[in-house]
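The structure appears right after this line, and notes come after that.
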Amino acid sequence: MRRWPADDLADDAWHRFLGEAIGGLREAARRVREPASTERRPGWFGKSNKALKGAKLPDETSISQALIEAMEEIRDEQFIVAPSPGSSIPSLTGMDFHVEVARRYDPAIGPRAQPTDIQLAIHRDRLDLRLEAKKLTRPGDIAADYLGADGLGRFDDASAPYTLERFGGMLAYVTDRDAAEWTLLISEGIRAALPSDRVKTTLLLGEEIITTKHLRDVDIVVHGIQGRFSTDVVHLVFEFDTYPNRRIASSHDRIDDRRAKEAQQEG
């Protein structure tokens, strides 16, 4: 039996790669949020959601695909003109990006195989970051979907590991409130759901990013993989808009709710 070779990679290489990957994702998300880039494309919006007063939400897979397309666009631009020293946009010229990629050590194959949502990789350096994406529309989605078996729970799966790498990532696609508010809600949900020794922060790009620890005992005969593997999962939030803009509407809803509560208290 052999062990996954990335165990030997120095943390500083991973932290450098994570900073570049997150910086690239953030610039990609900024571009994707420009209305002309996506909102007119067939498949961007789903059907009207009655529960959200008829708002149309962007499709989760479409967001992931648009992010990867934007990162490819950034990389292509950098092949022509290298980013200037001190640029807020990291160099992506050594990275590969993919959507819906098979798990590297899935015991199943074909229609039974389970893909990962996004892969960002520098293959020559054996750096392979797998990201699970979840679209969140209400705070209740955090416990039900984001932290559930088909969300963060994927990183605890020893039978078909989402990744055996040093790091993985969770992406929350949010369509109301802002990223800072959702980041706080997700952080609170994580701390309520997991033991304290599984929750920490990772300093990346000058920020403390909430991170969860996942330890699995893996034994996959078909791939000759056996051992105990630890993966730290960083949690990131990206804002996207509904049509009409639900972020503005929900802000107004919260103001109305607060005023109603204040009126009840005064009465």
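Annotation: side chain of Glu188 is in contact with side chain of Leu185 (closest heavy-atom distance under 4.5 Å). Leu152 has its side chain within reach of Leu194: a pair of non-hydrogen atoms, C-beta onward, lies under 4.5 Å apart. Looking at heavy atoms from C-beta onward, Ile209 lies out of side-chain contact with Thr201 at the 4.5 angstrom threshold. Thr116 places none of its side-chain heavy atoms less than 4.5 Å from the side chain of Glu132. The closest side-chain heavy-atom distance from Asp219 to Val221 is below 4.5 Å. Residues His223 and Arg104 fail the side-chain proximity criterion, which asks for heavy atoms closer than 4.5 Å.
Put simply, the side chain of Asp106 gets close to the backbone of Gln114: a donor and an acceptor are under 3.5 Å apart. Side chain of Asn245 to backbone of Asp241: no donor-acceptor contact under 3.5 angstrom is found. Formation of a donor-acceptor pair under 3.5 Å by the Thr183 side chain with backbone atoms of Ala179 is found in this model. Checked by atom type and distance alone, the side chain of Asp157 pairs as donor or acceptor with a backbone atom of Ser159 at under 3.5 Å. Looking only at distances, a side-chain donor or acceptor of Tyr162 sits under 3.5 Å from a matching main-chain atom of Leu131. Panel note: side chain Thr231, backbone Glu165; a donor-acceptor pair is recorded below 3.5 Å.
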Discussion item. Would Glu100 and Gln119 count as a side chain to side chain contact (heavy atoms under 4.5 Å, CB included) here? Give the steps.
Written reply: CA-CA 8 Å; Glu100 295 291 313; Gln119 178 194 40; over 6 Å; no

Discussion item. Test side chain to side chain contact (heavy atoms under 4.5 Å, CB included) on Glu239 and Asp178; report intermediate values, then the result.
Written reply: CA-CA 7 Å; Glu239 299 176 11; Asp178 58 25; 3.2 Å; yes

Discussion item. Evaluate Ile122 against Glu20 for side chain to side chain contact (heavy atoms under 4.5 Å, CB included), listing each step before the verdict.
Written reply: CA-CA 11 Å; Ile122 303 178; Glu20 293 170 350; 4.2 Å; yes

Worksheet item: Run the side chain to side chain contact (heavy atoms under 4.5 Å, CB included) check on Gln65 and Ile68 step by step: do they pass?
Response: CA-CA 5 Å; Gln65 182 178 340; Ile68 295 309; 5.9 Å; no

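The two residues Ala160 and Arg103 have their closest heavy-atom pair at O-NH1, 2.6 Å. Annotation for Lys134 and Asp145: closest pair CE-O, 3.9 Å, computed over non-hydrogen atoms. Across all their heavy atoms, Gly24 and Ile74 have their closest contact at O-CD1, 4.2 Å. Closest approach of Gly169 and Leu129 over heavy atoms only: N-CD1, 4.2 Å. Nearest heavy atoms, Gly43 versus Asp59: O-CB, 3.7 Å. Nearest heavy atoms, Ser48 versus Lys56: OG-CE, 3.6 Å.
Between the CD1 atom of Ile210 and the OG1 atom of Thr212 there is a distance of 7.5 Å, given to the nearest 0.5 Å. To the nearest 0.5 Å, atom CZ of residue Phe238 and atom CZ of residue Arg33 are 11.5 Å apart. Taken from CG in Leu204 to CD in Glu208, the straight-line distance is 8.5 Å, to the nearest 0.5 Å. For the atom pair CZ of Arg216 and OG1 of Thr163, the computed distance is 7.0 Å after rounding to the nearest 0.5 Å. To the nearest 0.5 Å, atoms CG (Asp176) and CG (Leu52) are separated by 7.5 Å. Going from atom CG of Leu215 over to atom CZ of Arg198 covers 8.5 Å, rounded to the nearest 0.5 Å.
Under 4.0 Å is where a charged nitrogen must lie from a carboxylate oxygen, and between Arg154 and Asp156 no such pair does. Ion pairing of Glu207 with Arg26 is present here, as a side-chain N (NZ or NE/NH1/NH2) and a carboxylate O approach within less than 4.0 Å. Taking 4.0 Å as the cut-off between side-chain N and carboxylate O, Arg31 and Glu27 count as a salt-bridged pair.
Just one of His214, Lys200, Lys213 meets the side-chain hydrogen bond (donor to acceptor under 3.5 Å, both in side chains) condition when paired with Asp232; it is Lys200. Evaluated for a side chain to side chain contact (heavy atoms under 4.5 Å, CB included) with Leu171, the options Asp117, Ile63, Ile118 yield exactly one hit, Ile118.
In terms of hydrophobic clustering, with Ile, Leu, Val, Met, Phe, Trp and Tyr side chains grouped at heavy-atom distances under 4.5 Å, Phe17 and Leu25 are assigned to a common cluster. Hydrophobic clustering places Tyr105 together with Val222 (ILVMFWY residues linked when any side-chain heavy atoms are closer than 4.5 Å, directly or through intermediates). In terms of hydrophobic clustering, with Ile, Leu, Val, Met, Phe, Trp and Tyr side chains grouped at heavy-atom distances under 4.5 Å, Trp44 and Leu57 are assigned to different clusters. When hydrophobic clusters are built by joining Ile, Leu, Val, Met, Phe, Trp and Tyr residues whose side-chain heavy atoms come closer than 4.5 Å, directly or via intermediates, Leu67 is not grouped with Val101. Put simply, Val234 and Leu205 are part of the same group of oily side chains (I, L, V, M, F, W, Y) that touch within less than 4.5 Å, one to the next.
Ring pair Trp14/Phe167 is tilted by interplanar angle, where 30° to 60° counts as tilted. Ring geometry for His235 versus Tyr146: interplanar angle of 30 to 60°, hence tilted. Relative ring orientation between Tyr173 and Phe240 is described as perpendicular, the plane-to-plane angle rising above 60° on a 0-90° scale split at 30° and 60°.
Around CZ of Phe45, the count of heavy atoms belonging to other residues, nucleotides or ligands within 6.0 Å exceeds 12.
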Show which side-chain atoms of residues 89-99 pair as donor or acceptor with protein atoms under 3.5 Å away, not counting sequence neighbours.
residue: Ser91; atom: OG; partner: Thr93; partner atom: OG1; Å: 3.1

